[in-house]
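Each remark here refers to the structure printed beneath this line.
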Number of protein chains: 2
Amino acid sequence: MAVPAIDDVELPAVLHALADPVRLEIVRLLDQRGESTCSALGLSQSPATLSHHMRVLRESGVVATRLEGTSRPSRLRRDDLQRRFPGLLDAVLRSRR
Amino acid sequence: MAVPAIDDVELPAVLHALADPVRLEIVRLLDQRGESTCSALGLSQSPATLSHHMRVLRESGVVATRLEGTSRPSRLRRDDLQRRFPGLLDAVLRSRR
DNA sequence: TTATTTCTTCGATGACCGTCGAAATAGGGG
DNA sequence: CCCCTATTTCGACGGTCATCGAAGAAATAA
């Protein structure tokens, strides 16, 4: 669950994380619903695949995950990202599908 | 040299195009120097590799290329991108390296 | 302790990607 | 027409990636 310090987050890694349609959908859902678990998002991929995508999002600096009983709710690192790359996440989230 | 209509440009494709460090550098240089050719940017990759990257940027909707004699200067599609994904290119270009 | 739930890790598979040399293309100048 | 210059295309190579089933881990409930 360890997450990179925001100053260590790199732009290409963030862009790569957001460039996958499934991960982009995860980010949009986390934006709409706030903190949420993988499985509660209702996506059709296997748990293994979703866990992989969450890991990419976490390691790139986009989300943070905490441990709550047997589940692991994640949230967007909105404030951190806004400090590091001002306007980037907003532009992505505001973009028309 | 054909370029996608701006309404057909897709966000994952743009993010994928910008997620590569070499292409990100091309975009930053095109931003600083304006319209420019592949070879004039002074990058160390082979012409074949740079041509490949320009193609990815062109097909994703990030740059447009015109034909001028034997060379092919490219430019950022700033206005188109601003209409399609407001604030996105600005956020990427303004981000600290 | 045993079973259940939730998620992660492992291993494999098929697809895609960055890179470059070599060959092809195309315009401009003699 | 031939050559030079700038770029693209082709084919290949090694590496990375998305996907998923199966097995593992970890907390909770019975």
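Just so it is clear: chains get the letters A, B, ... in the order the sequence lines come, proteins before strands, and each one is counted from 1.
The side chain of B/A48 has C/dC20 as its nearest neighbour among C/dC20, D/dT19, D/dC20. Which of D/dT19, D/dA6, C/dT19 sits closest to the side chain of A/H53 comes down to D/dT19. The side chain of A/S51 sits closest to C/dT8 out of C/dT6, D/dC20, C/dT8.
B/M54 and B/C38 get closest at one heavy-atom pair: CG-SG, 3.5 Å.
Per the geometry, CD belonging to B/Q45 stands 5 Å off P belonging to C/dT19, to the nearest Å. The distance from atom CG of A/L50 to atom C1' of C/dT9 is 15 Å, rounded to the nearest whole Å. Protein atom CG of A/L57 is 14 Å distant from nucleotide atom C1' of D/dC17, rounded to whole Å. Rounding to whole angstrom units, CZ of residue B/R55 and C1' of C/dC16 are separated by 14 Å. Rounding to whole angstrom units, CZ of residue A/R72 and C1' of D/dA26 are separated by 7 Å. Between the CD1 atom of B/I26 and the C1' atom of D/dT7 there is a distance of 13 Å, rounded to whole Å. For the pair B/E25 CD and C/dT19 P, the interatomic distance rounds to 13 Å; values are reported in whole Å. If you measure from atom CZ of B/R66 to atom C1' of D/dA6, you get 15 Å, rounded to the nearest angstrom.
The number of heavy atoms from other shown groups lying within 6.0 Å of CG (B/D7) is above 12. Enclosure of atom CZ in B/R94 is not indicated, since only 12 or fewer non-hydrogen atoms of other residues, nucleotides or ligands lie within 6.0 angstrom.
OP1 and OP2 of C/dG18 both lie 4.0 Å or more from every side-chain N or O belonging to B/T49. Listed pair B/S46 / C/dG21 fails the phosphate criterion, with no side-chain N or O lying under 4.0 Å from OP1 or OP2. When the side-chain nitrogen and oxygen atoms of B/T37 are compared with OP1 and OP2 of D/dT7, one or more of them lie within a distance under 4.0 Å. Residue B/R23 has no polar side-chain atom (N or O) positioned under 4.0 Å from OP1 or OP2 of C/dC17.
Each of A/H16 and B/M54 has a nearest nucleotide on DNA chain D; the 5'-most of these lies closest to B/M54. Residues A/V56 and A/T70 both approach DNA chain D. Their nearest nucleotides, taken by heavy-atom distance, put A/V56 toward the 5′ side.
Side-chain contact between A/L30 and A/R75: absent, with no pair of heavy atoms (C-beta onward) separated by less than 4.5 Å. Side-chain contact check for A/R83 versus A/I6: some heavy-atom pair is nearer than 4.5 Å.
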